[in-house]
Amino acid sequence: MTTPPLLQVEDLRVAYGKIEAVKGISFSVEAGQVVTLIGTNGAGKTTTLRTLSGLLKPLAGKITFDGAPLTGVPAHKIVERGLAHSPEGRRLFPRLTIAENLKLGAFLRKDTAGIEADIRRVYELFPILGERSRQASGTLSGGEQQMLAMGRALMSRPKLLMLDEPSMGLSPIMMQKIMDTIRELRNQGTTILLVEQNAQAALSLADHGHVMETGTVVLSGTGQELLHDESVRKAYLGED
Ligand code: ATP
């Protein structure tokens with residue numbers, strides 16, 4: 001018997017008023033995998049993540065997570081079910097310290113010892129956050145804020161971690177650090193759905209990828225297949 005995927009999205013459609021941003025997409029994420037959605041600006045990637053985390057209501061389609069439907073479930077219940085979202089633009093609480101932001105990521109948990117252990121784990125992943133734990137998050141660099149956003153999402157001990165554009169605005173070195181961390185999290189068993197503009201970086205570490213264009217999935221394959229696909233290379237990897 002094969003295990004069903006952790007996340008299954010079937011024929012999902014999402015609209016803002018009359019504008020349909022996601023026009024019937026289907027994909028799945030198996031436990032333990034990194035799956036990436038790549039595509040041009042406005043393709044519907046962020047809309048897809050926001051719908052999965054309950055912030056937007058789909059027009060139609062079916063979302064199944066960990067064996068039960070997710071459609072119509074309110075956002076806070078979705079976090080409780082094990083789906084965490086590190087949003088585009090980070091959305092941290094700028095006046096709160098690093099440590100306070102991390103604790104907020106664990107707001108549904110009551111196991112104080114476990115929370116402390118997970119904060120230490122985040123500091124092991126990102127030592128700079130540990131060194132600056134009392135610093136207000138609004139004063140962190142873009143890369144450090146991105147690390148904190150990922151750390152905060154991890155604090156809910158998610159079954160699935162959704163990362164929206166974690167490399168946005170980062171220097172090449174910082175971007176490499178974030179990508180290395182995603183790989184490390186995968187090696188530790190975290191399942192990840194990654195939305196990225198940087199197709200090269202995302203496909204290099206993804207088990208599976210889906211290329212989105214104007215609300216539809218136009219191509220799917222393993223990370224390696226897409227990385228070597230001629231149309232992907234031309235459109236997203238800057239080759240002639
Ligand atoms: P990017 O990489 O630029 O973030 P994306 O693939 O994540 O792009 P979305 O942000 O999901 O794309 O946007 C998909 C489409 O929906 C775009 O045409 C966008 O203009 C539109 N859209 C997004 N948010 C809203 C909104 N709040 N109201 C109306 N239209 C929106």
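Both counts, for ligands and for their atoms, begin at 1 and track the order of listing. Nothing here was measured: the structure is a model prediction, and the numbers come from that model.
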Open item on the list: If I apply the N/O under 3.5 Å rule, does G42 come out as touching ligand 1?
Closed with: yes

- [ ] Using protein heavy atoms only, decide if any is under 4.0 Å from atom 1 (P) of ligand 1.
- [x] yes

- [ ] Tell me which protein heavy atom sits closest to atom 24 (N) of ligand 1, plus the residue, atom name and distance to 0.1 Å.
- [x] Y16 CZ, 3.2 Å

- [ ] If you have a sec, work out which protein heavy atom is nearest atom 11 (O) of ligand 1 and how many Å separate them, to one decimal?
- [x] T47 OG1, 2.4 Å

Open item on the list: Side chain, backbone, both or neither: which applies to Q197 and ligand 1 if a contact is any heavy-atom pair less than 4.0 Å apart?
Closed with: side chain

- [ ] Considering only protein heavy atoms, determine whether one is less than 4.0 Å from atom 19 (C) of ligand 1.
- [x] no

- [ ] Say whether T46 and D164, considering side chains only, have a donor N or O and an acceptor N or O under 3.5 Å apart.
- [x] yes

Open item on the list: I'd like to check which ligand 1 atoms, numbered from 1 as shown, lie under 4.0 Å from a non-hydrogen atom of E165.
Closed with: 2 (O)

Task: F93: partners by side chain to side chain contact (heavy atoms under 4.5 Å, CB included), with sequence neighbours left out - done: L96, N101, L104, R152

TODO: Could you check atom 12 (O) of ligand 1 against the protein and tell me its nearest heavy-atom contact, residue, atom and distance included?
DONE: G44 N, 3.1 Å

Open item on the list: Please check this pair: side chain of T191 against backbone of G32, looking for a donor-acceptor N/O pair closer than 3.5 Å.
Closed with: yes

Under 3.5 Å, side-chain donor or acceptor atoms of residues 170-180 against the rest of the protein: list the pairs with distances, not counting sequence neighbours.
residue : atom : partner : partner atom : Å
S171    : OG   : M174    : N            : 3.2
Q176    : NE2  : D180    : OD1          : 3.0
K177    : NZ   : L125    : O            : 3.2

Open item on the list: Please state which option from N41, D164, L56 has its nearest heavy atom closest to atom 3 (O) of ligand 1.
Closed with: N41

Open item on the list: With nothing but distance in play, are any N or O atoms of A43 less than 3.5 Å from an N or O of ligand 1?
Closed with: yes

Task: Residue T46 vicinity, atoms of ligand 1 by number, heavy atom under 4.0 Å - done: 4 (O), 5 (P), 7 (O), 10 (O), 11 (O)

Open item on the list: Just by distance, no angles: are the side chains of T222 and H208 close enough, under 3.5 Å, to form a donor-acceptor pair?
Closed with: no

Open item on the list: Between Q188 and R183, is there a side-chain donor-acceptor contact under 3.5 Å, judged purely by atom types and distance?
Closed with: no

TODO: Can you measure from CG (L7) to CG (L83) and round to the nearest 0.5 angstrom?
DONE: 7.0 Å

- [ ] For A21, take its heavy atoms, then give the atoms of ligand 1 lying under 4.0 Å from any of them.
- [x] 14 (C), 15 (C), 16 (O)

Task: atom 4 (O) of ligand 1: the protein heavy-atom neighbour that sits closest, reported with distance to 0.1 Å - done: E88 OE2, 3.2 Å

Task: Residues K45, E196: salt bridge by 4.0 Å N-O rule - done: no

Task: Donor on one side chain, acceptor on other, T47 and Y16, under 3.5 Å - done: yes

